[in-house]
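These notes concern the structure reproduced below.
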Amino acid sequence: MHPGIIFFLVILGSVLFHIFTPWYWTDVASNWGSMDDTITLTFWVGGGVFIAVCLFMVYCVFKFSYKEGRRAEYKPEDKKLEKILTWATTLGVAALLAPGLIVWNQYINVPKNAIHIDVMAWQWGWQYRLPGEDGKLGSTKIKNINDNNPFGIILEDPNGKDDILIQSDVIHLKNNRPVKILLRSVDVLHNWYVPQFRAKMDAVPGVVTYYWFEPNKAGEYEVLCAEYCGVGHYGMRGRVFVKNEEDYKNWLQEQETFSDLIAKQEEIEFSKTKLAKK
Amino acid sequence: MSEDNNDKIIIQSQSSESISGGGSGSTTDIDYVRPAEVGDQDLYHGHSFITKWVFCQDAKVIGVQYFLLATFTGIIGLILSWLMRLQLGFPELASFMTAEHYYQFVTMHGMIMVVYFLTALFLGGFGNFLIPLMVGARDMVFPYLNMVSFWMFFIAVVVLLASFFVPGGPTGSGWTLYPPQSILEGTPGSGMGILLMCLSLILFVAGFTMGGLNYLITVLQARTRGMTLMRMPLTVWGIFTATVLAMLAFPALLVGSLMMSLDKILGTSFFMPTILQAGEVLEYGGGSPILFQHLFWFFGHPEVYIVALPAFGIISDLISVHSRKNIFGYRMMVWAIVVIGGLSFFVWAHHMYVSGMNPWFGFFFATTTLIIAVPTAMKVYNWVLTLWRGNIRLNTVMLWCLGFIVTFVNGGITGIFLGNVTVDVPLSDTYFVIAHFHMVMGIAPLMVIMGAVYHWFPLVTGRMLSEKLGKWHFWFTFLGAYSIYFPMHYLGFIGVPRRYFEMYDSPYVTSAVGMNEFISTAAFIVGAAQFILIYNIIKSLKTGKPAGKNPWQANSLEWLTPSVPPEHGNWGDRLPVVHRWPYDYSVPGAKEDFITQTTPPSDVTNSEVEKT
Amino acid sequence: MSNLLKKLFGTLLQKPWETERAAIDNAHEGKTFNISVQKSAVIIIFGIATVLFSLIFTSYLYTLPPDQDTNYLLRPNLLWLNTLVLFFVTYFFSKITNDLKKKETLKVKRNLLIVGGLSYLFLFGQVIFWFQLMKSGNYVSTNSYFSNFYVFTALHGLHLLGGLFFWGKVSSKVLKSDQNKILEEEKSISALSLYWTYLLIVWLMFFLMIYIFNDAVIAWCKSLIT
Ligand code: HEM
Ligand SMILES: [Cu+2]
Ligand SMILES: [Cu+2]
């Protein structure tokens, strides 16, 4: 068989695979449909170039395969052609870059009404903290973390008292309300990633990183850790429920605040000392 | 051997630079060249087996040594990839493998393939063999240093492999070695494993620097008469520029490895912030994990081009020779190599869009990254335009070239996805990334290596490789590798993260099971197909068709040595004199469809050379 | 510099396939720069070392703890003395170059010895300073300020030791030989002198670095990157 035919079939196969693939992205469940759009745009432009270059190559292979006595063309360069190609490519690249940068600009500028969520990662699990009535998260310090203060909240900070602590890898989000994910890690790098939301960012020990999205489809989603963090990396999962306003409120009410926790602990402490006295 | 005074090279250079001093063009005799002004090089000639083949100072032998050792590590990398694919495709068959093992294999596979296989093979292997031959030198300028360079590499490999046998095993921190994870419990091999890895890398860099000095100075200062920079084959341009990149990029790896070792051994905190592990606050504090990432990628991105540029150069020459046509747009090709090399130092943080660095950097690095796509695209156009109106021999070498074009364009396009910051956000750290870099810097350079092996094997050994076996080898490898990595992009679209030992209890990735089985099967076949090449080499060494001189009718100097295979000193008793660029194929009016670089003008006076 | 650029870009614009160009190119002697291979090697090594040291400087600025007492350098300490020693080395090297021109080989021999002695003195001083630091409780793991400090001085010292290795080779030859032979060694000696000048420059950069900046500058740099 002529090799050109096989190369042609490879290209054709790639196109058919793309058309009929059962594997494709999950339905987007956040405002970042614009990321899908940039992918789609890149896909068409890039795919077009790929097919064009490869088909041209296949054509050349058929048309100009070796014949005894024929001479190839002698043409060291063609300035005009090269100029056209350079500019065409530059234009194409710019057309891809511009939307990318615009969406990136949205990505790093968080809307004012976003709910802040402290996502704390460790080897290997997640826990969450939401601001209480004051809408502000208390500041934290890794050295403060212990059994009585699982988030390392600085006790003197008044903002921290009413913080809602969720010591579980299940978190609920309010539908159609932007959230700002504030990532922090106590040990190594992690990454809080829900494929359906499209967005991600590493959690880096020592600093707080962030990103935001607005969930817009109620349902249950799986959280995956997307930055290698040691042997337990692949098992570092969690769950997100996107709920409508009412369900979300109910859920929120059931959660414990930091002051609840302190009170509970004091109680335990108190009964312990009482026991000891007896 | 080294005590011998013979190994000193003496080069007299009383001459003045003569780019401008070439008034000789006006003499009536068009063949006239001034006699050589650069004194000849005194070479150390080994006589015993050891000095001839083991501690050898002949760049060609060193090249072969590099080639063989790099291939050996490559085979280890390949076997590791089989084990990983077994786990991913057929976990029930891989019950002997724990997550620790898996991560150690991923790490060693990645590091071996990128550094110890591809880099060593392109620069150490092809660089040593081809540079002196292609520029018309007798050897590298510092042969002794060159020999030391190889043996440093050897020790580096030994240290690397030794880490398989220390307590805790090799490091399992991913080839990126990101701290804090890489030196903390919770990652396999965080004790001896990571230290040996750092040590091995430091040795590699030290050894490589010695080799690199040689490549650079040989290319710049020790070419033969008539060999201007713009008359060098693109292979030399590619290797030369890649070496410059390596010399500037490897220090970053060195600093990173050194500081990380200190963090581990002396308890410094270059990369270590305050850390709480297993309920205890560790003694570290104040360092920055992101600093390591900057250092790593300041090395890591140019590293991609350290592999790619020699591949670009070699493929250009192969396509040109086997299309019987000059490479289209030679100057553009040289500029592209230089520009890509320069720009590659300004794009490193595109690997860190979601690393938590200042997000404003995203704008800058996305822009530079997409700019670099332009010269890269120009190279691709020029390759296919070289085929246009050529006279294409569809032999094994050309098949590898065509395979390279397909896989490289594919991987290059997905690179535009990942370089464009927004598009990268959903795709980074998924199998899309794995598919992308395997296509562009795994498979594509592999195609080049294979093409180069089939092309230069006759020069190295004096015998041809079997075409028939070569074609089988090609189709298995190309079709197999393409069917591994093309579908893998779609796993990435689903959102399957990379470096996952296992993933199937996820509700939405269950559909990937079938694909993973298919991919793994293809991987086993591709790996096994490489043994066709080994068989081919062994068989051809004994019974292959004698190659004779210049079997491909090529123009460049390496084919024009007085004896084939070339002997120590390359050129017999007279250095070649270069009269033209290496791409005079199918010149109108010439007797044959190629004019070698040493052919003086008088032999081809009736040919008209078109001017543009 | 502009010459170099002109040469580089001029070269890249050549059209090697044209007949007129070929006529010029045929006479090219195969060398790009008119310097010896030894000197080329030294220059390339400088390139590598520059990258290496700049990376350390960068990481130094990057991880500096904000509450660092950067003023301790102002107080008299051994570092000042060591810097002075390095200056002297460069001074003696310039004398050597002059004497070589004047062919006063006896002086060359003596000064070469002085240069080596002073370099060892410098290294010795550095080690003493390390011990002083450690005695005052500042170890390499104390904080990233000192981590970088130790690493930089160690690498600088290694770099110097590398130079001293070649110094040993050259000067053992020079000391043994007579006038004419010494003059033949001029190339190696000038390469050495270049090497030491470079060492001094790197040292001064470092000295300036740990000295001029203050917390405000660092804070600014940090905010840029993270
Ligand atoms: C047929 C040949 C190959 C197969 C089947 C293969 C397979 C794999 C697999 C399964 C992984 C791990 C994916 C994960 O769990 O995240 C991997 C990672 C990797 N491979 Fe390959 N590979 C092959 C050839 C190559 C080559 C030639 C290179 C050279 C560039 C290469 C470079 C890498 C790198 C850098 C990684 C990343 C390691 C890490 O995540 O730390 N591979 N490969
Ligand atoms: Cu993880
Ligand atoms: Cu990169």
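First the proteins, then the strands, lettered A, B, ... as listed; each starts at 1.
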| request: Under 4.5 Å heavy-atom distance to chain C, tell me which part of B:Thr209 shows up: side chain, backbone, both or neither. | output: side chain
| query | Who pairs with B:Trp335 by ring-ring contact (aromatic ring centres under 6.0 Å, His included), at least two apart in sequence or on another chain? | reply | none
| task | Look at B:Leu213, B:Leu291, B:Val338 and state which one has the largest set of heavy-atom pairs under 4.5 Å with chain C. | result | B:Leu291
| message | Counting heavy-atom pairs under 4.5 Å with chain B, which one of C:Val140, C:Asp25, C:Asn148 comes out on top? | response | C:Asp25
| request: Can you tell which part of B:Thr228 gets under 4.5 Å to a heavy atom of chain C, answering side chain, backbone, both or neither? | output: both
| field | Heavy-atom pairs under 4.5 Å with chain C, option from B:Met247, B:Met227, B:Arg231 with the top count | value | B:Arg231
| message | In terms of relative ring orientation, are C:Phe46 and C:Tyr198 parallel, tilted or perpendicular, with 30° and 60° separating the classes? | response | parallel
| field | Top of B:Ile217, B:Leu216, B:Asp263 for chain C proximity - count of heavy-atom pairs under 4.5 angstrom | value | B:Ile217
| remark: Under 4.5 Å to a heavy atom of chain C? For B:Leu254 that would be side chain
| request: Fit a plane to each ring of C:Phe206 and C:Phe57, take the angle between them on a 0 to 90° scale, and name the class: parallel (under 30°), tilted (30 to 60°) or perpendicular (over 60°). | output: parallel
| request: For the pair C:Phe53 and C:His159, name the ring-plane relationship: parallel under 30°, tilted 30 to 60°, perpendicular over 60°. | output: perpendicular
| query | Residues two or more places apart in sequence or in another chain: which of them pass side chain to side chain contact (heavy atoms under 4.5 Å, CB included) with B:Leu258? | reply | B:Ile202, C:Val151, C:Leu155
| chain C: which of B:Leu220, B:Thr218, B:Asn214 shares the most heavy-atom pairs with it under 4.5 Å? | B:Leu220
| request: Look at C:Ser40, C:Pro16, C:Gly10 and state which one has the largest set of heavy-atom pairs under 4.5 Å with chain B. | output: C:Pro16
| task | Report the C-alpha distance between B:Phe299 and B:Phe296 in whole Å, list the side-chain angles of each, state the deciding distance to 0.1 Å, and finish with yes or no for ring pair (Phe, Tyr, Trp, His ring centres under 6.0 Å). | result | CA-CA 5 Å; B:Phe299 144 77; B:Phe296 184 87; 5.7 Å; yes
| message | Quick check on the interface: out of B:Asn326, B:Val244, B:Leu262, B:Thr224, who has the most heavy-atom pairs with chain C under 4.5 Å? | response | B:Thr224
| said: Heavy-atom cut-off 4.5 Å, strictly under: side chain, backbone, both or neither for B:Met259 against chain C? | reply: side chain
| request: For chain B, find which of C:Ile48, C:Leu52, C:Leu12, C:Ile56 contributes the most heavy-atom pairs closer than 4.5 angstrom. | output: C:Leu12
| Which of B:Val334, B:Val135, B:Leu266 touches chain C most, by non-hydrogen pairs under 4.5 Å | B:Leu266
| said: Ring-plane angle category for C:Trp17 and B:Trp581, please: parallel below 30°, perpendicular beyond 60°, tilted otherwise. | reply: tilted
| task | Could you check whether the rings of B:His294 and B:Trp348 sit parallel, tilted or perpendicular, using 30° and 60° as the cut-offs? | result | perpendicular
| task | Mind telling me whether B:Tyr583 and B:Tyr330 have parallel, tilted or perpendicular rings, with 30° and 60° as the class edges? | result | tilted
